[in-house]
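Heads up: the structure comes next, in C-alpha cells.
These numbers come from the heavy atoms of this one structure, side chains and all, not from hydrogens, waters or symmetry mates. Count residues from 1 along the sequence.
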Amino acid sequence: MKAIFVLALLTPLLGCEQPQPAISDEEFIAFRESHPGMVQTCLDEVRFGGFIEWRPDDPDCYEMLPAQRWNGLWEHGWEWTNFCPDPADTCDWMAKRGIWLEFADNVELDDIPPDGIHRIEFVGRRTKVPGYFGHAASYEHLMIIDQIISLEPVTAQR
C-alpha cells in the first residue's frame with residue numbers, strides 16, 4: 001500500500017523537466033552582479049530566456065522606492081534624459097552618472113517639451129539601489145514619473 005501511495009506522488013514529477021538555462025552560469029552571475037536590485041522574476045527571465053528577455057529600464061524589474069513628490073531640473077534631448085533633484089541649480093547629463101527619467105505608461109504630456117532644461121515637479125519612484133540604466137547604461141538610477149504636477153522650461157540654461 002505504501003508503494004502505491006509513493007508511486008502516486010512521484011508519477012506527476014517524473015514527466016517534469018526543469019527548464020535549461022539559456023545563458024551560462026558565468027554569464028548569469030556577471031549579469032546579476034551588474035544589475036543590483038533586479039527582482040528574481042526578471043532575473044529568471046534572462047536566465048532561462050536569454051539576454052533577449054532583458055528589459056533594461058522596466059520599473060517592474062527593479063526594487064523601487066515608494067512613490068513620493070520630487071522637485072528639480074530635468075534636462076533632456078536626443079538619447080538622454082537626466083533628472084537632478086533639488087537643490088540642483090544646474091543639470092548636466094555629461095557631468096556625472098545621473099537619473100534616467102521615464103514616464104509611466106499612463107502619464108501623457110499634452111506637448112512634448114523641446115530639448116533643454118525644465119523645472120519639474122512630479123510624483124514618482126526611483127530605483128532603491130544604484131545600477132546601470134538608460135542610454136548606454138550610463139545612469140545610476142531609474143526614475144519613473146507617475147504624475148506630473150508642473151513642468152516649465154528654464155530660460156537661462158547653465
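For an aromatic pair to be called close, the ring centres must be under 6.0 Å apart, and Tyr139 with Trp100 satisfies this. For Phe122 and Trp74, the gap between ring centers reaches or exceeds 6.0 Å.
In this structure, Asp57 contributes its side chain and Gly134 its backbone to a donor-acceptor pair below 3.5 Å. Here the side chain of His141 pairs no donor or acceptor atom with the backbone of Ile99 at under 3.5 angstrom.
Here the CG atom belonging to Asp115 is positioned 11.0 Å from the CH2 atom belonging to Trp78, to the nearest 0.5 angstrom. Annotation: the span from Leu101 atom CG to Thr81 atom OG1 amounts to 4.5 Å, rounded to 0.5 Å. The CE atom of Met64 sits 9.0 Å away from atom CZ of Arg126, with the distance rounded to the nearest 0.5 Å. Interatomic distance, CD of Glu45 versus CD1 of Ile52, reported as 12.5 Å (0.5 Å rounding).
Nearest heavy atoms, Asn71 versus Glu121: OD1-CG, 2.9 Å. The two atoms that bring Ala22 and Gly50 nearest to each other are CB-N, 3.4 Å, heavy atoms only. Annotation for Pro21 and Arg47: closest pair CB-NH1, 3.3 Å, computed over non-hydrogen atoms. Across every non-hydrogen atom of Val39 and Glu63, the tightest pair is CG1-N, 4.1 Å. When all heavy atoms are compared, the tightest approach of Ala67 to Val123 is CB-CG1, 4.0 Å. When every heavy atom of Asp86 is checked against every heavy atom of Gly72, the shortest pair comes out as OD1-CA, 3.4 Å.
Screening Asp58, Ile144, Val107, Ile145 for a side-chain contact (heavy atoms from CB on, under 4.5 Å) involving Glu102 leaves a single residue, Ile144. Checking each of Tyr132, Phe28, Trp54 against His35 for a ring pair (Phe, Tyr, Trp, His ring centres under 6.0 Å) leaves exactly one that passes, namely Trp54.
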Let's go through Ile29 and Glu26 carefully: what are the C-alpha distance in whole Å and the side-chain angles of both, what is the deciding distance for side chain to side chain contact (heavy atoms under 4.5 Å, CB included) to 0.1 Å, and is it a yes or a no?
CA-CA 5 Å; Ile29 290 167; Glu26 294 80 22; 5.9 Å; no
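Cluster annotation: Phe133 is connected to Phe51 through the hydrophobic network of ILVMFWY side chains, with a link wherever side-chain heavy atoms come within less than 4.5 Å. Val46 and Phe48 fall into different hydrophobic clusters, where Ile, Leu, Val, Met, Phe, Trp and Tyr residues are linked whenever their side-chain heavy atoms come under 4.5 Å apart, directly or through other members.
The existence of a salt bridge linking Arg69 and Asp146 is excluded, since no basic side-chain nitrogen approaches an acidic carboxylate oxygen closer than 4.0 Å.
A 6.0 Å sphere centred on CG of Asp105 holds no more than 12 heavy atoms belonging to other residues, nucleotides or ligands.
Taking 4.5 Å as the limit, every side-chain heavy atom of His118 sits out of range of all side-chain heavy atoms of Leu73. With a 4.5 Å cut-off on side-chain heavy atoms, Trp80 and Glu75 count as touching. You'll find the side chain of Leu65 reaches within 4.5 Å of the side chain of Lys128, heavy atoms only.
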